[in-house]
Asker: 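Quick one: structure below, then a few questions.
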Amino acid sequence: AAPFAIYFFLLIIFHMSEYLLTAAYRPDTLSFDNFLLNHSTAYQACVLMAWFEYWIEWTLLPESSLPWPVSKQFGPVSAIGMVLCLMGMFTRALGMSTASTNFSHKIEDVKRAEHTLVTHGIYSVLRHPAYFGFFWWSVGTQILLANPICLLGYTAATWHFFYDRIPHEESLLVEFFGDAYRAYRKETWVGIPLVDWAAKLFPP
């Protein structure tokens with residue numbers, strides 16, 4: 001089951017990188033939570049459902065009986081998923097490292113004295129590269145595993161999470177940085193389908 005082995009390896013790398021990047025740039029906030037293993041009950045449920053779907057289809061259903069023409073062997077579909085995973089991981093890690101001490105896994109309601117508006121590097125294009133990376137990483141894992149049911153579930157759950165989170169965070173950033181953030185916001189995009197549209201329709 002090559003796709004699952006690749007997925008599991010990337011899953012370990014993803015969660016390890018979350019902890020190590022936090023250790024490098026925000027050691028003041030370092031804890032077990034930074035692995036994101038306990039991100040939420042919904043996230044843990046999604047991971048278990050993805051495993052369940054993959055192995056049920058692998059062990060109980062011959063490929064000829066699947067209602068979709070997708071192989072559980074590593075093929076073009078899984079390759080696309082792997083590329084999305086790697087792109088998501090790289091973008092998220094680059095965003096975290098570029099933000100450096102300005103990054104936090106938790107939304108900060110109060111502006112720290114050392115908190116600055118980061119607009120260089122990847123932030124000159126994406127204003128939330130870590131969110132962009134997480135979204136496409138999440139979608140990519142299910143394409144890698146050729147899990148059509150969980151692909152829909154992961155996409156919907158992750159999209160809704162950022163649809164709620166981004167406007168709230170941006171309203172705080174407007175409070176912190178005022179017109180500087182408003183101007184920056186007009187020149188960049190989120191890169192998550194329809195979230196950009198929603199953010200423009202309902203600006204903070």
Asker: How far apart are the closest heavy atoms of V174 and Y181, and which atoms are they?
Answerer: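 Heavy-atom minimum between the residues: CG2-CD2, 3.9 Å.
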Asker: Looking only at the aromatic ring of each residue, does the gap between the centers of H128 and F135 stay below 6.0 angstrom?
Answerer: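 F135 vs H128: aromatic centres not under 6.0 Å.
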Asker: How far does CD1 of I6 sit from SG of C85, to the nearest 0.5 angstrom?
Answerer: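 With rounding to 0.5 Å, CD1 (I6) is 10.0 Å from SG (C85).
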Asker: Kindly assign one of parallel, tilted or perpendicular to the pair H160 and Y163, based on the angle between their ring planes and the thresholds 30° and 60°.
Answerer: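 The arrangement is tilted - the two ring planes meet at 30° to 60°.
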Asker: Treating T155 as the side-chain partner and L152 as the backbone partner, does any N or O pair qualify as donor plus acceptor under 3.5 Å?
Answerer: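 Side chain of T155 to backbone of L152, a donor-acceptor pair under 3.5 Å: no, none is there.
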Asker: The test is side-chain contact (heavy atoms from CB on, under 4.5 Å); show your working for L117 and T119 and say whether it passes.
Answerer: CA-CA 6 Å; L117 178 59; T119 61; 3.8 Å; yes
Asker: F9: which residues meet the ring pair (Phe, Tyr, Trp, His ring centres under 6.0 Å) condition with it, sequence neighbours left out?
Answerer: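 Partners of F9 by the ring pair (Phe, Tyr, Trp, His ring centres under 6.0 Å) criterion come out as none, since no residue qualifies.
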Asker: Under 3.5 Å, which donor-acceptor pairs do the side chains of residues 143-150 form with other protein atoms, sequence neighbours left out?
Answerer:
from : atom 1 : to   : atom 2 : distance (Å)
N147 : OD1    : K72  : NZ     : 2.8
N147 : ND2    : A50  : O      : 3.0
N147 : ND2    : Q142 : OE1    : 3.1

Asker: Do F8 and Y19 share a hydrophobic cluster, counting only Ile, Leu, Val, Met, Phe, Trp and Tyr and linking them when any side-chain heavy atoms are less than 4.5 Å apart?
Answerer: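 Cluster IDs for F8 and Y19 match.
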Asker: For S138, give me all partners under side-chain hydrogen bond (donor to acceptor under 3.5 Å, both in side chains), at least two apart in sequence or on another chain.
Answerer: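 S138 satisfies side-chain hydrogen bond (donor to acceptor under 3.5 Å, both in side chains) with T158 once adjacent residues are dropped.
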Asker: Can you run down the salt bridge (Lys or Arg N to Asp or Glu O under 4.0 Å) pairs that involve residues 8-23, sequence neighbours left out, and say none if there aren't any?
Answerer: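 Applying salt bridge (Lys or Arg N to Asp or Glu O under 4.0 Å) to every pair that reaches into residues 8-23, excluding sequence neighbours, yields E18-R92.
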Asker: Using the side-chain contact (heavy atoms from CB on, under 4.5 Å) criterion, which residues pair with T41? Sequence neighbours excluded.
Answerer: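 Partners of T41 by the side-chain contact (heavy atoms from CB on, under 4.5 Å) criterion come out as none, since no residue qualifies.
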Asker: Do the side chain of T98 and the main chain of G95 share a donor and acceptor less than 3.5 angstrom apart?
Answerer: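 Side chain of T98 to backbone of G95, a donor-acceptor pair under 3.5 Å: no, none is there.
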Asker: Evaluate side-chain contact (heavy atoms from CB on, under 4.5 Å) for F32 paired with L37, printing each intermediate quantity in order.
Answerer: CA-CA 8 Å; F32 178 80; L37 292 169; 4.0 Å; yes
Asker: What's the separation between atom CZ in F176 and atom OG in S171, rounded to the nearest 0.5 Å?
Answerer: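 Reported to 0.5 Å precision, the distance equals 9.0 Å.
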Asker: Check whether N34 reaches the backbone of S31 with its side chain - one donor and one acceptor, N or O, closer than 3.5 Å.
Answerer: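 Checked: pair present.
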Asker: Which residue pairs pass the salt bridge (Lys or Arg N to Asp or Glu O under 4.0 Å) test when at least one of the two sits in residues 93-108, sequence neighbours left out?
Answerer: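 As it turns out, the salt bridge (Lys or Arg N to Asp or Glu O under 4.0 Å) pairs with a partner in residues 93-108, which skip direct neighbours, are R26-E108, E108-R112.
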Asker: Rounded to the nearest 0.5 Å, how far does CG of L36 lie from CE of M16?
Answerer: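 If I round to the nearest 0.5 Å, the distance is 12.5 Å.
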Asker: Is there a donor-acceptor pair under 3.5 Å between the side chain of S97 and the backbone N or O of L94?
Answerer: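 Yes, because the side chain of S97 sits within donor-acceptor range (under 3.5 Å) of the backbone of L94.
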Asker: Hey, is the main chain of F4 close enough, under 3.5 Å, to the side chain of W51 for a donor-acceptor pair?
Answerer: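 Here the side-chain-to-backbone pair does not exist.
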Asker: For Y43, enumerate each residue passing the side-chain contact (heavy atoms from CB on, under 4.5 Å) test, keeping only those at least two apart in sequence or located in another chain.
Answerer: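 With neighbours one apart ignored, the set is L11, H15, H39, S40, V47, F134.
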Asker: For residues V118 and V110: do they belong to one hydrophobic cluster (side chain heavy atoms under 4.5 Å, members Ile, Leu, Val, Met, Phe, Trp, Tyr)?
Answerer: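 No, separate clusters.
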Asker: For M96, what are the other residues in its hydrophobic cluster, where any two members join if their side-chain heavy atoms are less than 4.5 angstrom apart?
Answerer: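 Under the 4.5 Å side-chain rule, M96 groups with L21, Y25, F103.
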Asker: Counting C-beta onward and ignoring hydrogens, is there a side-chain heavy-atom pair between S78 and Y7 closer than 4.5 Å?
Answerer: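 SC-SC contact between S78 and Y7 ruled out.
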Asker: Which residues end up grouped with M49 if you chain together Ile, Leu, Val, Met, Phe, Trp and Tyr wherever their side-chain heavy atoms are less than 4.5 Å apart?
Answerer: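 The other cluster members (ILVMFWY side chains, heavy atoms under 4.5 Å, direct or chained): none.
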Asker: Taking all atoms of both residues into account, what is the closest heavy-atom pair of P193 and W159, and its distance?
Answerer: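 Closest approach of P193 to W159: O-NE1, 2.5 Å.
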Asker: Can you see which heavy atom on C46 is nearest to which on Y154, and at what distance?
Answerer: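 In terms of heavy atoms, the two residues are closest at O-OH, 3.0 Å.
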Asker: Do E170 and R127 sit within salt-bridge range, that is, some charged N less than 4.0 Å from a carboxylate O?
Answerer: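 Counted as a salt bridge, because a side-chain N and a carboxylate O are separated by less than 4.0 Å.
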Asker: Output all residues satisfying side-chain contact (heavy atoms from CB on, under 4.5 Å) with W189, sequence neighbours left out; order by chain, then residue number.
Answerer: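 With sequence neighbours excluded, W189 shows a side-chain contact (heavy atoms from CB on, under 4.5 Å) to V125, L126, D196, given in chain and number order.
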Asker: Are V83 and L10 joined in one hydrophobic group, where the rule is that I, L, V, M, F, W and Y side chains link up if heavy atoms are under 4.5 Å apart?
Answerer: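 Cluster IDs for V83 and L10 differ.
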Asker: Check the pair R185, V190 against side-chain contact (heavy atoms from CB on, under 4.5 Å), reporting the backbone distance first and the verdict last.
Answerer: CA-CA 9 Å; R185 189 173 180 271; V190 176; over 6 Å; no
Asker: Would a distance-only check, ignoring hydrogens and angles, find a side-chain to backbone donor-acceptor pair under 3.5 Å from S124 to H120?
Answerer: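 Absent.
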Asker: Provide the closest heavy-atom pair for H168 versus I107 in the form atom of the first, atom of the second, distance.
Answerer: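 H168 and I107 have their closest heavy atoms at CD2-CD1, 3.7 Å.
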Asker: Provide the full list of salt bridge (Lys or Arg N to Asp or Glu O under 4.0 Å) pairs with a residue in residues 129-144, sequence neighbours left out, each pair given once.
Answerer: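 Every candidate salt bridge (Lys or Arg N to Asp or Glu O under 4.0 Å) pair involving residues 129-144 fails, so no pair, neighbours aside, qualifies.
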Asker: Could you check whether any side-chain heavy atom of F177 comes within less than 4.5 Å of a side-chain heavy atom of K111, counting everything from C-beta outward?
Answerer: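 Of all side-chain heavy-atom pairs linking K111 with F177, at least one is under 4.5 Å.
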Asker: What residue pairs, at least two apart or across chains, pass salt bridge (Lys or Arg N to Asp or Glu O under 4.0 Å) with a residue in residues 146-156?
Answerer: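 Passing the test, one end in residues 146-156: no pairs.
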Asker: Starting from the C-alpha separation in whole Å, work towards a yes-or-no answer on side-chain contact (heavy atoms from CB on, under 4.5 Å) for Y123 and Y184.
Answerer: CA-CA 10 Å; Y123 281 88; Y184 166 71; 3.6 Å; yes
Asker: Please answer whether the main-chain N or O of I166 pairs with a side-chain N or O of Y131 as donor and acceptor at a distance below 3.5 Å.
Answerer: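 Such a contact is absent between Y131 side chain and I166 backbone.
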Asker: Would you find a donor on one side and an acceptor on the other, under 3.5 Å apart, between the side chain of W137 and the backbone of L86?
Answerer: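 Judged by distance alone, no pair lies under 3.5 Å.
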Asker: With a 4.5 Å cut-off on side-chain heavy atoms, are D33 and H105 touching?
Answerer: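 The answer is no, as the side chains (C-beta and beyond) never meet within the 4.5 Å cut-off.
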